[in-house]
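Numbers here simply count residues along the sequence, with the first being 1.
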Amino acid sequence: ALTGDSGYFWFFDENNAELVVKVLDGRAVNGHYWVFYGALSDVAYTLEVRDTLTGEVKTYTNPAGRLTSRADTMAFAVPGQAGAPVLSAPNELGFLASSGLATGKAFPTVGFCGDNVTTPSTGFCLGGRFDVAVEWRANGTTGLARGAVLGYHSGYFWFFGQNNVELVVKVLDGRAVNGRFWFFSGALTDVEHWIHVRDNETGEERVYHNPPGRLASRADTDAF
């Protein structure tokens with residue numbers, strides 16, 4: 001578990017987060033509990049969510065080769081209350097190379113790796129080498145996400161409240177495979193955001209943009 005509403009799973013190694021899941025109480029909006037999940041892996045898996053009060057079960061299956069984020073806003077109904085459409089996003093890969101934040105501010109993560117930041121902050125270091133920070137924009141307001149590390153390779157961010165995880169990221173060393181470091185992200189939100197990643201050894205930067213209304217996971221196996 002990460003918070004009362006969210007948690008993550010690993011498949012092969014506890015330092016390699018593969019899937020993040022959260023359940024929100026949306027009854028005030030549409031009479032349902034909502035299920036979100038975002039993957040950092042295209043491995044085949046089956047996610048089972050059980051309502052321990054009613055015994056109802058929802059099962060979500062991901063086939064091999066698909067990298068998925070999903071929001072099911074009709075997951076568990078409350079009798080007598082109206083529903084709303086299910087929001088589901090197929091495999092998406094979004095990449096935008098740029099320098100600096102969308103607002104023109106300087107890259108916000110200088111020194112995170114050098115300072116070994118481990119407490120919740122506006123960014124963190126992954127793999128002992130890569131600074132990661134996230135900027136979000138919603139309803140005309142732009143801010144820096146708060147984040148915390150999960151392990152050597154991965155971490156997560158929230159935008160509006162610490163109990164509402166919005167994004168999980170990880171960096172893996174794929175040099176034995178293709179000579180590159182790999183970057184992955186899994187979203188539990190369709191809020192517009194920019195993920196900033198800097199290689200502190202070379203100074204190279206990547207910015208990954210998620211437009212408003214898109215719920216997506218991504219894998220860039222050619223990142224650095």
Side-chain angles (χ1 to χ4, degrees), residues 8 10 13-18 20 38-42 67 69 91-138 141-159 165-189 191-212 214 216-224:
Y8 71 101
W10 67 85
D13 186 312
E14 64 180 305
N15 290 314
N16 186 5
E18 304 279 18
V20 61
L40 303 174
S41 173
D42 65 358
L67 194 70
S69 286
N91 179 32
E92 297 280 359
L93 177 61
F95 176 77
L96 175 65
S98 122
S99 60
L101 289 168
T103 54
K105 294 179 290 185
F107 188 87
T109 62
V110 175
F112 280 168
C113 283
D115 291 343
N116 192 30
V117 173
T118 57
T119 56
S121 68
T122 55
F124 45 70
C125 178
L126 294 182
R129 175 170 174 168
F130 298 94
D131 281 337
V132 186
V134 174
E135 183 190 26
W136 57 266
R137 181 163 60 197
T141 300
T142 300
L144 292 178
R146 302 285 291 179
V149 294
L150 291 173
Y152 187 71
H153 298 295
S154 58
Y156 68 98
F157 290 92
W158 66 90
F159 299 167
V165 176
E166 306 279 19
L167 189 67
V168 175
V169 298
K170 73 177 176 183
V171 176
L172 295 181
D173 186 348
R175 288 177 294 178
V177 178
N178 67 344
R180 308 291 288 180
F181 286 92
W182 303 351
F183 177 79
F184 301 80
S185 66
L188 302 177
T189 181
V191 170
E192 184 174 21
H193 59 270
W194 294 260
I195 306 171
H196 299 256
V197 188
R198 169 181 285 165
D199 183 341
N200 280 287
E201 290 196 11
T202 67
E204 189 176 4
E205 299 177 9
R206 293 285 184 268
V207 181
Y208 302 89
H209 177 226
N210 189 81
R214 175 181 292 178
S217 295
R218 61 171 52 82
D220 182 359
T221 57
D222 196 42
F224 296 94

Closest non-hydrogen atom pair between [X] and [Y], with its separation:
X	Y	answer
Gly151	Asn15	CA-OD1, 4.4 Å
Phe157	Gly123	CE2-CA, 4.3 Å
Ala133	Thr122	CB-O, 3.5 Å
Leu67	Asp42	CD1-N, 3.9 Å
Gly155	Leu126	N-CD2, 4.0 Å
Val165	Val168	CG1-CG2, 4.4 Å

Heavy-atom side-chain contact between [X] and [Y] under 4.5 Å:
X	Y	value
Val134	Leu144	no
Leu172	Phe181	no
Phe159	Arg146	no

[Y] backbone acceptor or donor facing [X] side chain under 3.5 Å:
X	Y	result
His153	Val171	yes
Lys170	Ala17	yes
Thr142	Arg137	no
Trp182	Thr221	yes
Tyr152	Gly127	yes
Asn200	Arg129	yes
Ser69	Ala216	yes

Subject >> Charged N-O contact under 4.0 Å between Glu204 and Arg206 >> reply: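 Between Arg206 and Glu204 there is a salt bridge, with a charged N closer than 4.0 Å to a carboxylate O.
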How long is the gap from [atom1] on [X] to [atom2] on [Y], to the nearest 0.5 Å?
X	Y	atom1	atom2	result
Asp220	Arg180	CG	CZ	8.5 Å
Asn210	His193	CG	NE2	4.0 Å
Trp136	Leu167	CH2	CG	14.0 Å
Asn16	Leu40	CG	CG	8.0 Å
Trp10	Ser154	CH2	OG	10.0 Å

Original post:
With Ser41, which residues qualify under side-chain contact (heavy atoms from CB on, under 4.5 Å), at least two apart?
Top reply: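 Ser41 satisfies side-chain contact (heavy atoms from CB on, under 4.5 Å) with Phe11, Glu18, Val43 only.
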Original post:
How are the rings of His209 and Trp194 set to each other: parallel, tilted or perpendicular (split at 30° and 60°)?
Top reply: parallel
Original post:
Please walk me through it: do Val197 and Asp131 pass side chain to side chain contact (heavy atoms under 4.5 Å, CB included)?
Top reply: CA-CA 6 Å; Val197 188; Asp131 281 337; over 6 Å; no
Original post:
Do Tyr156 and Phe124 make the cut of ring centroids closer than 6.0 angstrom?
Top reply: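 So the answer is no for these two rings.
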Original post:
Strictly under 6.0 Å, is that where the ring centroids of Phe183 and Phe130 end up?
Top reply: no
Original post:
Under the side chain to side chain contact (heavy atoms under 4.5 Å, CB included) criterion, do Glu205 and Asp199 qualify, and how do the steps go?
Top reply: CA-CA 6 Å; Glu205 299 177 9; Asp199 183 341; over 6 Å; no
**OP:** Step by step, work out the side chain to side chain contact (heavy atoms under 4.5 Å, CB included) result for Arg218 and Tyr208.
**Re:** CA-CA 9 Å; Arg218 61 171 52 82; Tyr208 302 89; 3.7 Å; yes
